[in-house]
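If you're wondering where the values come from, they're calculated on a predicted model, not measured in any experiment.
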Protein chains: 2
Amino acid sequence: MGKGEETRQTILDEALSLCSRIGVSGLSIGALADKAGMSKSGLFAHFGSKEELQIAVLREGQQRFVDTVVRPALKQPRGVARLRAILTNWLDWTRRAQLPGGCPMNAAANEFDDQPGPVRDAVEAGLADGRRLLANAVRLAVEAGELRPDIDVEQFVFEFTGIVLVAMQNQRLFREKDANRRALDAFERLVRDYAVQQKE
Amino acid sequence: MGKGEETRQTILDEALSLCSRIGVSGLSIGALADKAGMSKSGLFAHFGSKEELQIAVLREGQQRFVDTVVRPALKQPRGVARLRAILTNWLDWTRRAQLPGGCPMNAAANEFDDQPGPVRDAVEAGLADGRRLLANAVRLAVEAGELRPDIDVEQFVFEFTGIVLVAMQNQRLFREKDANRRALDAFERLVRDYAVQQKE
DNA sequence: TGCTTTTTAGCACGACCGTTCGTTTCCTGT
DNA sequence: ACAGGAAACGAACGGTCGTGCTAAAAAGCA
């Protein structure tokens, strides 16, 4: 890895942590350059525009999400266990990934849902990736015989995502300690409803 | 209502619609003054600081939320019907309230959850109000004999909020037409699980 | 080593930011 | 109609924004 790639990576690390606190649009090149210990223009040269920087940061965040949430969950067997692992990993992935300010992608989704352009496209693509991934895990649970074959996968993903979103809001805004427990309870209820009939 | 109050109100209307698109922190006094057709300093005088403006906007948004979502739902009888009305009103309240850019309070919740200060406090207080209100409606449904007496009210509110959050993200970011249907389906499942036993 | 390419710094730019101040215009009550 | 106060304005402030341009420094390679 050449010098360029190296500093680019440290910039992205710093940018990710900064933007987790103040958001993707709040991220400013000057402030980021200070954090990274280099000049504005030197940093700028790595990306060419602020938009490119924002997109690069989101991509970096997504990769770290995969590394922190998805990959470890693959060690669980296919089915509900893996879904549960995804949930629990997801619930505190920002802490484990050293992003004290919350999920950058989620923040970006709220900031850019009304601002057409490449950044919004990147956010949409990123979240769509997550949905596909989740849908796959649900289908595996069906194949494993743990969830009903006639399940509406998209509906399951919808409700699963809702649990994650409200848990994050509760723990981030209200600093509630039991948000994760509530999320798990909701998950178990969700699974119970969509589980294969044990006998009527 | 004196002249001052009058223009202050038109400013807040304009500010609310603007901030629904670009967020509370993205709201700039210059841009807002242009929209309102007055000078920066003239507008500024009404609030004294940007922070005060932001808080005033959030308060205005909250009142409009009550007028658009809560008040109409009170026409429904206490119980599940009223809860369902709250949900359906909530799902498209930003359209009916002429806020094309989504719920300002939710946007602010994501922007300010890491930025201590009066604005964050206002957001937290506002959302806490909503939770209390929702919890009350749930308790009325219990009293009406439609939900189990041993229900965990906070848990119900938690899951209800999750449904709303994911529905909004889906309709705003993915422009999905069936987000509302999915939300209603999820709601009915929620209610079914917590309904009084019809007979075992 | 020297040479070429890549990477970084310095500086300046126009634009916009929130805010202050002094002035002018408008409204209101008598 | 007029005085007094409220409301709006225009100009300016110190800053920061993103973005170019040019030169120096560093890195990679012969």
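- The interatomic distance linking A/I11 (CD1) with C/dA9 (C1') rounds to 13 Å, in whole Å.
- In this structure, B/F160 and B/W90 have tilted ring planes: the angle between them lies in the 30° to 60° band.
- In summary, the side chains of B/N106 and A/Q169 do present a donor paired with an acceptor at a separation below 3.5 Å, with no hydrogens or angles considered.
- In this structure, CD of B/E5 is placed 17 Å from P of C/dC27, rounded to the nearest angstrom.
- Between the CD atom of A/E6 and the P atom of C/dT8 there is a distance of 10 Å, given to the nearest Å.
- Annotation: cation-pi pair B/R139/B/F156 absent, no NZ/CZ under 6.0 Å from the ring centroid and within 45° of its normal.
- Looking at residues 16-46 of chain B, you'll see B/M38, B/S39, B/S41, B/G42, B/H46 sit with a heavy atom under 4.0 Å from some atom of DNA chain D.
- Every stem involving DNA chain D, taken as at least 3 paired positions in a row under the Watson-Crick or G-U wobble test at 3.5 Å, is listed here: C:2-26 with D:5-29, C:28-30 with D:1-3.
- Judged purely by distance below 3.5 Å, without hydrogens or angles, the side chains of A/Q155 and B/R182 pair a donor atom with an acceptor atom.
- Under a 4.0 Å N-O distance rule, the pair A/D185/A/R189 does not qualify as a salt bridge.
- Within a 6.0 Å radius of CZ in B/R78, no more than 12 heavy atoms belonging to other residues, nucleotides or ligands are found.
- Atom pair A/L53:CG and D/dG18:P shows a separation of 9 Å (rounding to whole Å applied).
- Here the straight-line distance linking atom SG of B/C103 with atom CG of B/L127 works out to 7.5 Å at 0.5 Å rounding.
- In this structure, B/R64 pairs ionically with B/D13, as a charged nitrogen and a carboxylate oxygen lie closer than 4.0 Å.
- Taking 4.0 angstrom as the limit, B/K3 places none of its side-chain polar atoms (N or O) nearer than this to OP1 or OP2 of C/dC27.
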